[in-house]
Amino acid sequence: MFGNPRNVDSETVNILDEAMYPGTWARTTPDKPALVIAETGQTTTYAELDERSLRLAHVLAEAGLVTGDVVALVSDNAPQAYEVYWAALRSGLYVTAVNHHLASAEAAYIVNDCGAKALVVSGAKTELVEAMADLVDVPVRLAFGGAVPGCTSYDQALSTASTEPLADQPHGDDFLYSSGTTGRPKGVRIPLLPIQVDEPGYPYVMIFGGLFGYGQDTVYLSPAPVYHAAPLRYTGVIHALGGTVVLMQRFDPENFLKAVDEYAVTDTQCVPTMFVRMLKLPEDVRSSYDTSSLRTVVHAAAPCPVEVKRQMIEWLGPIVHEYYASTEANGATYVGPEDWLAHPGTVGKPLLGTPRICDPSGAELPAGEVGTIWFEREEMPFSYHGDPEKTASTQHPQHPNWSSVGDLGYLDDEGYLFLTDRKAFMIISGGVNIYPQEVEDLFSLHPSVLDIAVVGVPDDEMGERVVAFVEPAGEAPPDLPAQLASYARERIAHFKVPREFIVTDDLPRTPTGKLVKQRLRDRYAEETTA
């Protein structure tokens with residue numbers, strides 16, 4: 001649809017028509033690194049990944065799990081996470097990776113809601129697992145990386161498991177939960193495909209493997225948590241296609257550049273907050289690392305300020321690609337660097353489904369007008385597990401095959417999609433719509449601002465008023481709020497300028513860069529009524 005961003009040859013494209021998964025590469029390139037931990041160099045070969053995922057598949061089958069059952073995973077960025085992932089995918093199981101930053105009750109809710117028959121946990125998350133132990137009812141519990149009360153040793157279970165090939169390997173899938181930034185996490189369960197794990201046709205491999213030309217020569221740096229949709233799915237694509245994943249245990253801007261240099265990384269995926277942190281490194285630090293091996297830098301998960309992306313392209317070259325999608329995978333758009341430079345701020349043209357922009361009544365809007373973004377598909381592509389009412393609320397009132405996750409945006413005259421904000425984040429002040437993203441973007445590279453979040457709070461006169469929470473870069477001068485207000489008044493309409501700038505040392509972002517704004521609204525309400 002978009003051509004080939006890396007001018008990939010036909011041999012690489014044709015590989016998508018072949019049967020591939022880690023077992024393929026265990027036979028052809030057994031000693032090749034499938035996974036490397038960036039900070040330590042710890043390496044898992046394809047032979048090891050294949051054997052250990054096979055052993056775990058046998059453990060789960062002997063415990064009674066069958067096609068369509070769920071394995072829950074609570075893990076840091078550890079190699080075993082991918083053994084669990086591939087054990088599920090080669091057994092017709094779902095894998096539900098749980099955000100380990102959640103409170104115990106929140107994590108337990110996901111484990112219970114997904115109906116997990118098995119729970120695999122990391123010893124690094126013992127405190128969380130212990131706290132949720134009495135809140136979940138899961139018959140099979142395994143722990144790696146240290147003993148965890150109530151769990152069987154993962155390594156011991158695998159050591160006695162069979163290594164005989166599985167007679168049947170139906171393709172499993174992930175069963176992930178939304179980040180919950182605007183409410184309780186929602187499980188997105190997609191029907192399993194009627195294919196074997198070693199058959200072509202898995203959508204993420206076909207779409208993103210072909211789009212970015214991933215293959216055996218790919219060295220993919222993943223800096224984000226494995227429980228999030230994009231890191232888990234993209235690293236799975238790399239393993240299916242025989243490349244090497246370099247996994248960061250946690251993101252740090254300088255360590256990211258160090259990993260690119262040390263491992264000759266060819267491809268990576270970031271979120272905009274990572275771009276901002278890298279751009280704020282001193283120039284001599286940035287220039288001390290060799291990034292010339294990079295071929296594609298993909299970003300998604302949150303809107304990227306125009307100036308931030310422009311500076312990334314100036315720094316790394318025209319290799320910065322963007323897609324817009326969601327955990328629900330109800331639709332997607334894509335834009336390459338050349339198209340983006342010609343249409344700054346766009347998230348691209350259709351990659352999956354057709355975007356439609358509608359007003360609150362569901363009527364389509366003309367080009368240039370902001371409304372809710374819907375994606376038209378042949379049929380409804382997902383459902384929220386156990387919540388038919390919530391699923392129905394995402395469907396268009398007149399077109400049940402159109403769905404929306406609540407984002408706002410518009411299409412230009414050429415069909416390029418632009419985002420404005422989440423519907424839940426929009427502020428209505430004095431009857432005027434204000435999009436916090438626009439104000440946040442204004443300060444994204446301000447030298448005194450490390451991070452910023454803009455929210456609407458109740459106001460007796462205006463309905464809502466604009467408030468900004470600011471995490472300063474360094475020690476904040478006493479007049480920082482006045483400086484920022486003056487800076488904003490010179491650049492945007494005065495009605496958009498925050499009426500308050502609240503300096504804080506911590507903003508509630510998920511590790512994938514999304515702001516959890518309800519926590520800020522709650523904090524503001526508590527502090528103003530105390």
Side-chain angles (χ1 to χ4, degrees), residues 1-2 16-17 67-70 88-89 92-96 113-115 170-179 183 185-197 199-211 229-230 232-234 236-237 240 300 323-334 347-365 371-409 411 415 417 419 422-423:
M1 184 181 298
F2 303 102
L16 298 175
D17 296 326
T67 299
D69 282 343
V70 181
L89 260 67
L93 303 176
Y94 287 101
V95 58
T96 296
D113 189 69
C114 74
H171 205 305
D173 213 328
D174 59 57
F175 173 9
L176 303 182
Y177 279 68
S178 66
S179 57
K186 302 176 290 291
V188 182
R189 184 168 180 149
I190 299 171
L192 296 177
L193 293 173
I195 60 174
Q196 294 281 299
V197 73
E199 289 182 306
Y202 191 49
Y204 303 121
V205 176
M206 303 300 291
I207 293 173
F208 294 111
L211 183 63
L232 189 65
R233 291 168 178 171
Y234 267 69
V237 169
Y323 70 92
Y324 161 64
S326 64
T327 301
E328 289 83 349
N330 67 318
T333 61
Y334 161 80
V347 294
K349 286 192 170 184
L351 179 65
L352 180 66
T354 302
R356 307 288 189 183
I357 309 299
C358 298
D359 67 16
S361 73
E364 277 199 81
L365 293 169
T372 300
I373 301 169
W374 301 84
F375 277 97
E376 178 184 358
R377 300 281 296 278
E378 291 184 1
E379 58 185 22
M380 183 67 176
F382 73 94
S383 63
Y384 289 126
H385 178 61
D387 198 339
E389 291 184 4
K390 185 65 178 176
T391 302
S393 73
T394 68
Q395 294 177 276
H396 191 279
Q398 287 86 45
H399 305 282
N401 58 322
W402 296 14
S403 61
S404 174
V405 295
D407 289 339
L408 301 175
L411 293 165
L417 179 64
L419 305 182
R422 294 297 303 268
K423 185 186 296 183

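Side-chain atoms are counted along with the backbone in the values below, which use heavy atoms only and exclude waters and symmetry mates.
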Q: Please examine the side chains of Leu408 and Leu419, heavy atoms only from C-beta on, and report whether any two atoms are closer than 4.5 Å.
A: no
Q | CG on Asn401 to CE on Met380, rounded to 0.5 Å | A | 9.5 Å
**Q.** Heavy-atom pair with the smallest gap, counting every atom of Pro203 and Leu193
**A.** CD-CD1, 3.6 Å
Q. Given the rule in the salt bridge (Lys or Arg N to Asp or Glu O under 4.0 Å) test, do Asp174 and Arg233 qualify, once you have shown the distances and angles that lead to the verdict?
A. CA-CA 8 Å; Asp174 59 57; Arg233 291 168 178 171; 2.9 Å; yes
Q.
To check you understand the geometry: which heavy-atom pair defines the closest contact between His396 and Gly362, and what is its length?
A. NE2-O, 2.7 Å
Q. CD of Gln395 to OG of Ser404: how many Å apart, nearest 0.5 Å?
A. 11.5 Å
Q. Between CG of Asp407 and CZ of Phe375, what distance do you get to the nearest 0.5 Å?
A. 8.5 Å
Q | Heavy-atom closest pair, residues Arg189 and Gly68 | A | NH2-O, 2.8 Å
Q.
Using modelled atom types and a 3.5 Å cut-off, is there a donor and acceptor pairing between side-chain atoms of Thr333 and backbone atoms of Val347?
A. yes
Q) Are side-chain heavy atoms of Leu192 and Pro170 found at a separation under 4.5 Å? A) no
Q: Test side chain to side chain contact (heavy atoms under 4.5 Å, CB included) on His385 and Asp113 and set out the steps.
A: CA-CA 8 Å; His385 178 61; Asp113 189 69; 3.7 Å; yes
Q. Is the closest side-chain heavy-atom distance between Thr394 and Tyr384 below 4.5 Å?
A. yes
Q.
I want to check something: taking the side chain as every heavy atom from C-beta on, are Pro355 and Trp374 in contact at a cut-off of under 4.5 Å?
A. no
(Q) Using side chain to side chain contact (heavy atoms under 4.5 Å, CB included), reason through Leu351 and Leu211 one step at a time and then give a plain yes or no. (A) CA-CA 10 Å; Leu351 179 65; Leu211 183 63; 4.2 Å; yes
Q: First locate atom CG of Leu352, then atom CZ of Arg377, and finally report the distance between them rounded to the nearest 0.5 Å.
A: 4.0 Å
Q.
Under 3.5 Å, is there a donor on one side chain and an acceptor on the other for Asp387 and Thr391?
A. no
Q.
Can you give me the closest heavy-atom contact between Ser361 and Pro397, atom names plus distance?
A. O-CG, 4.1 Å
(Q) Within the 4.5 Å heavy-atom criterion, are Asp69 and Tyr94 side-chain neighbours or not? (A) no
Q.
Is it the case that the side chain of Thr96 and the backbone of Leu176 share a donor-acceptor pair, with hydrogens and angles ignored and the cut-off at 3.5 Å?
A. no
Q) With under 30° as parallel and over 60° as perpendicular, where do the rings of His399 and Trp402 fit, or are they tilted in between? A) parallel
Q: Measure from the ring center of Tyr323 to the ring center of Tyr234 and say whether it is less than 6.0 Å.
A: yes
Q.
With heavy-atom distances below 4.5 Å as the criterion, would you say the side chains of Lys349 and Leu417 are in contact?
A. no
Q. Taking atom OG of Ser383 and atom CD of Glu328, what is their separation to the nearest 0.5 Å?
A. 10.5 Å
Q: Flag the pair Arg356 / Thr354 as yes when at least one side-chain heavy-atom distance between them is below 4.5 Å, and no otherwise.
A: yes
(Q) Could you measure the distance from the OH atom of Tyr177 to the NZ atom of Lys186? Nearest 0.5 Å is fine. (A) 11.5 Å
Q | Closest heavy-atom pair and its distance - Ile357, Gly371 | A | CG2-N, 3.5 Å
Q | Side-chain heavy atoms of Val237 within contact of Tyr202, under 4.5 Å | A | no
Q) With a cut-off of 6.0 Å (strictly less than), are more than 12 heavy atoms of other residues, nucleotides or ligands near CD of Gln398? A) yes
